[in-house]
Number of protein chains: 2
Amino acid sequence: MAIPRAAKTLRRTRIQEEKEEQILEAALDVFSARGFRGSTIDQIAEVAGMSKPNLLYYFRTKEAMHRALIDRVLYTWLEPLRAFDAEGNPEEEIRSYIRRKLEMARDFPRESRLFANEVLQGAPHIEDELKGPLKELVDEKAEVIRAWTKSGKIAECDPYHLIFSIWSTTQHYADFDVQVRAVLGQEHAGEGRFEDAARFLEQLFIGGLRPEGS
Amino acid sequence: MAIPRAAKTLRRTRIQEEKEEQILEAALDVFSARGFRGSTIDQIAEVAGMSKPNLLYYFRTKEAMHRALIDRVLYTWLEPLRAFDAEGNPEEEIRSYIRRKLEMARDFPRESRLFANEVLQGAPHIEDELKGPLKELVDEKAEVIRAWTKSGKIAECDPYHLIFSIWSTTQHYADFDVQVRAVLGQEHAGEGRFEDAARFLEQLFIGGLRPEGS
DNA sequence: TGTAATGTTTACCAATCGGTCAAATATCCG
DNA sequence: CGGATATTTGACCGATTGGTAAACATTACA
């Protein structure tokens, strides 16, 4: 009789490693496209190319799958903000933060939509992460920004709303991708839209944050 | 035998009027909070305070309910953009567009989340609206903005990405409300956050779009 | 190689899903 | 009033949901 899900052996098998990877990859596909409630285990199983009970051998419940996925993706997702450097040049830090976030929207749209779905529906599974680690990180970086404004390196502004606006403008290109494509039309909806967006956003934020009288 | 759903009488009954209103109000509650697939007719019926078959007497299917809701909300939702006036003062037009969108995020967050859910999940029910009426309206307003840049009233910039950035920054306060509250913490998450956001966004966009050398 | 542990599948379950039906009830109007 | 029409409901349907049980197959390793 197998005691499932790595409870028995401390070391995880090669098969465990591979299958869990496979499942989480499929789960990312499905959860990001349909949200937690809108997704079914069967869909994930089909994408993963295995049977439903086989999925449930590795993850006891649908919730457990979702949780494992969130945990895995969250750290990576906050990396750009973590890289925000107090010692760096403010203009260049903001510029590269925008660029990095935009690259993530382009290269990891599923991860963006996973969180967007979750937050949009009230964040029932990640409330703690938002109020804990996320808030702490943002508080820390907000202090950095505030120091920049105090010393006149960038215009006086609310650092929290600055961060929100960078998040929203960049993630927009992942979360609202279909709308962006629909509005831009076939002629402008190619991959070049990310470069156009980068150009515009850098202009917007650098110009909008330029200290008075410079 | 009743031929249901207003197919029989051309004039709609008072009861029809009221009940359909009641249902759509409840449907907005549920669809906006859980997305189309994540919502159930039973949930809507409970919120509406009537039995499931009664809902289905007024709307044949779950899809029909969703469609009626979208149709009803879409026109209102685009009103602020429609108000964008080519003859007005660019700075003031942009400022008031931001303010109006922010007011809608504050006063009609469910409507915002309804569309966000829909678009996020690939806009399976509103693709035509995006590619048709929405695109046309945006194209029209993009021309207005382009005229402003050509005449030097605002800085040279991509009008489409400008519109996207106003959409995303303002709707963020409705769609990602729980995240905004979590990060701001109890002390700053009061209704004042909308005024702070308005102040920041006006500064950002007005500053960021100020024509070179002025 | 043998065997215990690990991994996979078929068959199934109760609950819930969207939706139907016929009977019961309320409303309208002459 | 009374009958026609409009509205509401409980009981029910087949399909799908998340999840289980147990038989079966494969792997690792002494």
Side-chain angles (χ1 to χ4, degrees), chain A residues 1-27 29-31 33-69 121 124-125, chain B residues 1-27 29-31 33-69 121 124-125:
Chain A
M1 185 216 325
I3 299 174
R5 283 160 296 265
K8 180 195 295 180
T9 49
L10 288 180
R11 284 178 55 98
R12 307 189 21 253
T13 321
R14 173 186 53 84
I15 294 183
Q16 267 170 37
E17 210 89 48
E18 286 174 9
K19 290 296 166 97
E20 286 177 11
E21 171 67 32
Q22 224 178 99
I23 292 169
L24 290 182
E25 163 68 23
D29 242 57
V30 176
F31 282 138
R34 314 168 81 110
F36 180 76
R37 277 185 265 257
S39 303
T40 72
I41 301 183
D42 296 83
Q43 289 161 3
I44 298 171
E46 197 189 329
V47 173
M50 43 177 106
S51 68
K52 178 169 64 171
N54 203 0
L55 285 208
L56 291 163
Y57 172 74
Y58 292 101
F59 297 93
R60 233 184 301 270
T61 64
K62 185 181 163 186
E63 290 231 13
M65 263 167 50
H66 190 254
R67 168 123 301 261
L69 186 58
Q121 305 195 0
H125 305 96
Chain B
M1 186 214 325
I3 300 171
R5 284 161 294 269
K8 179 196 294 180
T9 48
L10 288 181
R11 284 176 55 98
R12 311 204 358 267
T13 320
R14 173 185 53 86
I15 293 184
Q16 267 170 37
E17 209 90 47
E18 286 174 6
K19 288 297 165 96
E20 285 177 12
E21 171 66 34
Q22 224 178 100
I23 292 170
L24 290 181
E25 163 68 24
D29 241 57
V30 175
F31 282 138
R34 313 167 82 110
F36 180 76
R37 276 186 267 258
S39 303
T40 72
I41 301 183
D42 296 82
Q43 288 160 5
I44 298 172
E46 197 190 328
V47 173
M50 44 178 104
S51 67
K52 179 168 66 172
N54 203 0
L55 285 208
L56 291 163
Y57 172 73
Y58 291 101
F59 296 95
R60 235 184 301 269
T61 65
K62 185 181 164 187
E63 291 232 13
M65 261 166 52
H66 190 255
R67 167 121 302 260
L69 187 57
Q121 306 196 359
H125 305 97

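Note that the structure is a prediction, hence the values are computed from the model and not measured. Order of the sequence lines sets the chain letters (A, B, ...), proteins ahead of strands, with each chain counted from 1.
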Quick note, A:Y58 side chain, CB onward, closest among D:dT9, C:dA11, C:dG7 is C:dG7
Rounded to the nearest 0.5 Å, how far does CZ of B:F59 lie from CG of B:L55?
8.5 Å
Closest heavy-atom pair and its distance - A:Q121, B:A33
CB-O, 3.4 Å
Write down the distance between CG (A:D42) and C1' (C:dT16), rounded to a whole number of angstrom.
14 Å
In whole Å, what is the span from the CG atom of A:L56 to the P atom of D:dA21?
12 Å
What about B:K62, does its side chain sit under 3.5 Å from the base of C:dG19 through a donor-acceptor pair?
no
For C:dG7 and A:Y57 - does any side-chain N or O of the residue sit under 4.0 Å from the phosphate oxygens OP1/OP2?
yes
Output for pair (A:L24 CG, A:D29 CG), nearest 0.5 Å, gives 12.0 Å
From C-beta outward on B:P53, which listed nucleotide comes closest to its side chain: C:dC21, C:dG19, D:dG19?
C:dC21
Considering only heavy side-chain atoms of A:Q16, the closest of D:dT17, C:dG7, C:dG19 is C:dG7
Nearest-nucleotide pick for B:K19, side chain only, options being D:dT8, C:dG18, D:dG19
D:dT8
How long is the gap from CD1 on A:I23 to CD on A:Q16, to the nearest 0.5 Å?
10.5 Å
Does the C:dG19 base have a donor-acceptor partner in the side chain of B:K52 within less than 3.5 Å?
yes
Whole angstrom is fine here: how far is it from CD1 in B:I44 over to P in C:dG18?
8 Å
Between A:I41 (CD1) and D:dA15 (C1'), how many Å, whole number?
17 Å
Provide, to the nearest angstrom, the distance between the CG atom belonging to B:L55 and the C1' atom belonging to C:dC17.
14 Å
Roughly how many Å is it from CD in B:E17 to C1' in C:dT27, rounded to a whole number?
17 Å
Measuring from the side chain of B:N54 (C-beta onward, heavy atoms only), which nucleotide among C:dT20, D:dT9, C:dT9 has the closest atom?
D:dT9
To the nearest 0.5 Å, what is the distance between CZ on B:R37 and OG on A:S39?
8.0 Å
I need the CZ-C1' distance between B:R60 and C:dC21, as an integer number of Å.
16 Å
It should be established whether A:S51 places a side-chain nitrogen or oxygen under 4.0 Å from OP1 or OP2 of nucleotide C:dT8.
no
Find the distance B:F59:CZ to D:dT8:P and express it as a whole number of Å.
13 Å
